[in-house]
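Okay, so here's the structure we're looking at.
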Amino acid sequence: MPLPENFVDAVYIDPGLDRYRGNPLIEALPPIMDLQALKVKLTGKLTFNPQDCYEKGHLRAHQISALLDDFFQPLSIHKQLEEKISVMIRGGYVGRNIADGSLNKRMQEGYQRIMSGATNDFRFAQSNSTAKSLSLIGCSGSGKSSTINRILATYPQAIYHQEYNFVQLTYLRIECPSDGSLKSLCLNFFREVDRTLSTGYEEKYARKRHSTEVLLSLMGQVATQRALGVLVIDEIQRLTLKRSISKEAMLEFFVALVNVIGVPVIMVGTPKARSIFEMELQAGRRSAGFGSLFWEPVQREPGRVDPKTGKPRKTEWQAFTDKLWQYQWLTHRDEVLSEEIRDCWFELSQGVLDIVVKLFVLAQMRAISTGLERITVKLLRTVYEQELKPVHPMLDALRRGDPELIVKYSDLQLPAMDKRLLELRKRIDERQAEKEIDPAFNGNDKALRLYNMLQAMGCESELLQPLIENAFKQHPNLSLPELSKLILEWYSEPPKPKKAQIEKMKPSNWHTLPSEDLRFKFSQTEKGRLYDDLMYGKELFDVPSWLKKVG
């Protein structure tokens, strides 16, 4: 009988440590990752082809939208979290082994506990349990959940051990219910086990009106039966919504969760849940686990110098934004990220990774829909003001560094993001339709792509069209590289003298001009500030330096 699609057959490898050897539950796990393996496993699979910058707007919109799901750049906090999860899963299996009978002993203890009704008695608590707990606290959008999901995805979730006729559940992730009920949280556990393993626990246990204590014991029995490696409970701050549950009761629940279930537990939430875990620290229970990991936004640190080479080393903020900046599908894109744009980007996003990426995506979509075709400081500020209003209170709290405000607004999210992207795509389609009313080159897609590419390289559009038409007429079978080389040769030939013509363009379209054009600079500057933004020796004659030379 074939295994379900989400199951894999156990393949045993040497785990590398005596502590882990001889335990099939650990030997069936993937090898422990080093830094290089982590980068390969966690880095997003997004690809970028420079030619795609010259595709039609509606096609580029799809590639830009993929950044929301597929872009991921590992940082030091990701490595730290992966190491903790790796230790928790493997360490939690040390006391549970299907080869030496210790797992069966655990199941027998759990069964006796339930049958005796000793749900509040720790006579049967696993005294040799190696399970640990970890609380992960951070603002919405900081990347907690997405990082955990990527790390867990490096493990097969369900492993079938044919020799022992046993199914191992490596990890399980559940969310706290929106009503903040501890009982509903327990039922969510059974529901997720059923979804993963096609079992019937929820129907079996939900019918009877079990107390939370009994459900907790049943959770422990199921977790033992399935050799659960780690339990992740997300959105833990929702439990604070139910006023009938005291903080002390919640704390006791979490302590019992680790002690009774006997598997590692990771609790993820926003700063609103911090008070629960602070009580745990005050009670001196931190030794039972890994404590708390506070997931801060990426910080804008001062530049560093490598002591070995003496060369500047990129900060995490610089490395992250430089990597993301590469994924621009804009015809007038700037290849190098300027410090002015980088500083503005941080000021607006405060280093919250979800906001950093969404601001970048929305800016690109707006750049295509307006014809700007590049990212500027003015564009970033416009997108922030118009598209990210729901998260302004949270970002303002981070700017002020006010702990009370941060807790108050820490779980704000961007609603209807997909709807907004669809609206921008519609604008891009409308702009594309306007261009195609009178299609250039009689609809020759190859010629149009060549035209966009050469125009982006700085060639004047009025000269390009006749050259491209002539090239296709004389050499219809040449490839794009061959055609571009030929046209650039023709383009560089000295033009025949002709009467100078003044190019007229409405001020409303100046933002579509090349970056060096003073009219473009005027379109990106506040009224009356153009002169202040121009640079001596570049756009302005350097009068002060000249006066120094002439004395």
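The distance between the ring centers of Phe190 and Tyr205 falls below 6.0 angstrom.
Contact annotation: the side chain of Val298 approaches that of Leu75 to within less than 4.5 Å [non-hydrogen atoms, C-beta and beyond]. With contacts defined as side-chain heavy-atom distances shorter than 4.5 Å, the pair Ile368/Leu330 qualifies.
Here Asp18 pairs with Arg21 under the salt bridge (Lys or Arg N to Asp or Glu O under 4.0 Å) rule; sequence neighbours left out.
With 3.5 Å as the limit, one finds a donor-acceptor pair spanning the side chains of Arg90 and Ser86. Between Asp234 and Ser145, the side chains place a donor N or O and an acceptor N or O closer than 3.5 Å (distance only, hydrogens not considered). For the residue pair Tyr409 and Asp396, no side-chain donor N or O sits within less than 3.5 Å of a side-chain acceptor on the partner. Side-chain polar atoms of Ser65 and Arg425 form a donor-acceptor pair below 3.5 angstrom. Gln73 and Thr43 share no side-chain donor-acceptor pair at under 3.5 Å. No hydrogens or angles considered: nothing links the side chains of Gln80 and Glu82 as a donor-acceptor pair under 3.5 Å. Arg60 and Tyr54 share no side-chain donor-acceptor pair at under 3.5 Å.
Within a 6.0 Å sphere centred on NZ of Lys45, heavy atoms belonging to other residues, nucleotides or ligands number more than 12. No more than 12 heavy atoms of other residues, nucleotides or ligands lie within 6.0 Å of NZ in Lys41, so this atom counts as exposed by the packing criterion.
Remark: the backbone N or O of Ala227 is paired with a side-chain donor or acceptor of Tyr93 at under 3.5 angstrom.
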Subject >> CA sep, side-chain torsions, deciding dist, call: Ile233, Asn188, side-chain contact (heavy atoms from CB on, under 4.5 Å) >> reply: CA-CA 10 Å; Ile233 306 176; Asn188 279 359; over 6 Å; no

Subject >> Stepwise salt bridge (charged side-chain N to carboxylate O under 4.0 Å, His left out) test for Glu83 and Lys79 >> reply: CA-CA 6 Å; Glu83 287 177 344; Lys79 174 60 177 172; 3.6 Å; yes

Subject >> Criterion side-chain hydrogen bond (donor to acceptor under 3.5 Å, both in side chains) on Asp14 and Tyr20, from CA distance to verdict >> reply: CA-CA 9 Å; Asp14 184 356; Tyr20 298 154; over 6 Å; no

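Pairs engaging residues 318-328 under the salt bridge (Lys or Arg N to Asp or Glu O under 4.0 Å) rule: Lys314-Asp322, Asp322-Arg342 [sequence neighbours left out].
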